Amino acid sequence: MKINLAKSAGFCFGVKRALDIAFKLADSGGTIYMLGDIVHNEEVVKQIEKAGIKKIKKLIPAKAKTLLIRAHGAGLSTIEKAKRFGYKIIDATCPMVKEIHKIVRSTEIKGHEIIVIGDKKHDEVRGIIGQLKKNKGIIIDDTDNIPLKTIKTIKKACVVVQSTQNLEKVLKIKKILESNIADLEFFNTICKPTRIKQEEIKRMSLKNDAMLIIGSKNSANAKRLYEISRSLNKKSYWINSKEELKSAWFKNIKNIGITAGASTPESTIKDIIKSLRFSQTAQ
């Protein structure tokens with residue numbers, strides 16, 4: 001069985017940057033806290049905690065302590081509260097996510113209603129909505145969940161997109177919004193690494209007998225890669241470790257394509273490929 005690894009598999013720029021900041025910060029000493037996980041991958045989270053960065057669920061008053069803002073970003077109220085509580089802020093938010101923050105803040109000032117196309121409970125989306133000062137914004141995750149009664153009352157709107165969304169789904173939602181809002185300003189804020197990964201998996205899913213998508217089950221971008229692959233190749237499998245591999249998947253398979261989400265470490269990818277090759281030689 002031939003193994004074809006996607007060129008774009010694994011860490012994106014934003015994740016690499018966030019981890020570099022985190023490990024350098026850990027090496028500098030001091031007490032460092034982080035609200036939630038730095039990225040959505042269990043192995044990476046373990047490495048961060050091992051380095052000495054402590055994950056907390058809520059902010060508490062502190063002195064001479066540092067709060068690391070993770071790659072997904074945070075709302076303005078979180079930053080302001082942390083400063084009031086005495087934390088030094090180190091921001092590891094992905095620069096592409098920061099651009100989305102700038103867009104929603106500037107367009108809100110101009111009087112636009114803010115609409116975010118993305119997963120309602122995702123940390124990045126919460127951080128985007130958390131930039132708003134005047135209203136709560138509207139989050140739309142699917143064409144079936146568009147609040148049309150509310151949408152039809154909007155005179156002008158700014159639409160941004162969670163950076164790891166599927167473009168095809170986004171364009172369908174955009175079309176419905178455009179037909180109901182006269183003055184609509186749309187920003188396609190799907191990041192370049194996401195676009196590259198999605199375009200590559202579309203090609204690979206058609207060229208390979210089976211597909212493996214490696215990534216955590218709480219990773220939005222890995223989920224999207226799996227959904228795209230599955231729609232094109234029914235023999236698409238989403239795993240997070242070599243232990244999840246099943247020999248039955250590869251029966252009569254001549255070639256398999258492999259990609260990995262933006263938060264998946266290279267070590268995990270290598271372990272899975274090594275396990276695949278070992279299982280083939282053992283047969």
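This one's a predicted model, so the numbers in the text were calculated from it and none came from an experiment.
For the pair P193 and M96, the minimum side-chain heavy-atom distance is below 4.5 Å. Side-chain contact check for V39 versus F11: every heavy-atom pair is 4.5 Å or farther apart. Considering only heavy atoms from C-beta on, I256 stays 4.5 Å or farther from N208 through its side chain. Proximity of E113 to I138: side-chain heavy atoms (C-beta onward) are separated by under 4.5 Å at one or more points. By the 4.5 Å heavy-atom criterion applied to side chains, I201 and I213 are counted as neighbours. Side-chain atoms of R195 and L167, non-hydrogen and from C-beta on, never get closer than 4.5 Å to each other. Put simply, the side chain of L212 reaches to within 4.5 Å of the side chain of L276, judged on heavy atoms. For the pair V104/I129, no side-chain contact is recorded, criterion being any heavy-atom separation below 4.5 Å from C-beta on.
Ion pair K110/E185 not flagged as a salt bridge, since none of the NZ, NE, NH1 or NH2 atoms sits closer than 4.0 Å to an Asp/Glu carboxylate oxygen. Salt bridge E178/K175: absent, no basic N to carboxylate O contact under 4.0 Å. Contact check on E266 versus K270 returns a salt bridge, with a Lys/Arg side-chain nitrogen under 4.0 Å from an Asp/Glu carboxylate oxygen. Classification of R224 and D119 as a salt-bridged pair holds, one side-chain N sitting under 4.0 Å from a carboxylate O. Under the 4.0 Å criterion applied to side-chain N and carboxylate O atoms, D37 and K55 are assigned as salt-bridge partners.
From I139, atom CD1 reaches atom CG of N145 across 12.0 Å, with rounding to the nearest 0.5 Å. Annotation: the span from I173 atom CD1 to D144 atom CG amounts to 9.5 Å, rounded to 0.5 Å. One distance of note links NZ of K54 with CD1 of I56; it measures 10.5 Å at 0.5 Å rounding.
A side-chain donor-acceptor contact under 3.5 Å links T264 to the backbone of I214. A donor-acceptor contact shorter than 3.5 Å is absent between the side chain of S205 and the backbone of K202. Between the side chain of N233 and the backbone N or O of L206 there is no donor-acceptor pair closer than 3.5 Å. Here the side chain of S229 pairs no donor or acceptor atom with the backbone of L225 at under 3.5 angstrom.
What you find for K98 and D91 is that their closest heavy atoms are NZ-OD2, 2.8 Å. Nearest approach of R230 to S236, heavy atoms of both residues: N-OG, 3.7 Å. Minimum interatomic distance between W249 and E244 (heavy atoms only, all atoms of both residues): CH2-O, 3.4 Å. Of all heavy-atom pairs spanning A18 and I38, the tightest one is O-CD1, 3.6 Å. Taking both residues in full, the closest heavy atoms of I190 and N166 are given as CD1-C, 4.3 Å, listed atom of the first, atom of the second, then distance. Minimum interatomic distance between L68 and M34 (heavy atoms only, all atoms of both residues): O-CG, 3.6 Å.
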Worksheet item: Between L132 and K136, is a side chain to side chain contact (heavy atoms under 4.5 Å, CB included) present by the stated rule, with each step listed?
Response: CA-CA 7 Å; L132 306 180; K136 294 181 179 179; over 6 Å; no
Discussion item. Using the rule given for side chain to side chain contact (heavy atoms under 4.5 Å, CB included), can you reason through Y87 versus L59, listing the C-alpha separation, both sets of side-chain angles and the distance that settles it, and then say yes or no?
Written reply: CA-CA 9 Å; Y87 289 90; L59 291 170; 3.9 Å; yes
Discussion item. Using side chain to side chain contact (heavy atoms under 4.5 Å, CB included), reason through R126 and K121 one step at a time and then give a plain yes or no.
Written reply: CA-CA 7 Å; R126 287 175 174 171; K121 295 183 179 180; 3.9 Å; yes
Worksheet entry | Step-by-step side chain to side chain contact (heavy atoms under 4.5 Å, CB included) determination, L177 to I140 | CA-CA 10 Å; L177 294 176; I140 299 173; 3.9 Å; yes
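Residue Q165 is tested with V170, D141, N188 for a side-chain contact (heavy atoms from CB on, under 4.5 Å); the sole match is V170.
Under the side chain to side chain donor-acceptor pair (under 3.5 Å) criterion, T259 pairs with no residue, sequence neighbours left out. Here Q47 pairs with nothing under the side chain to side chain donor-acceptor pair (under 3.5 Å) rule; sequence neighbours left out. By the side chain to side chain donor-acceptor pair (under 3.5 Å) test, R105 is found to be paired with Q131, residues two or more places apart in sequence or in another chain being considered.
Side-chain polar atoms of H40 and N221 form no donor-acceptor pair below 3.5 angstrom. Side chains of T268 and E43: no donor on one and acceptor on the other come within 3.5 Å.
By the rule that hydrophobic residues join a cluster once side-chain heavy atoms approach within less than 4.5 Å of another member, I100 and V159 end up as members of separate clusters.
Under a cutoff of 6.0 Å and an axis angle of 45°, K217 and W238 form a cation-pi pair.
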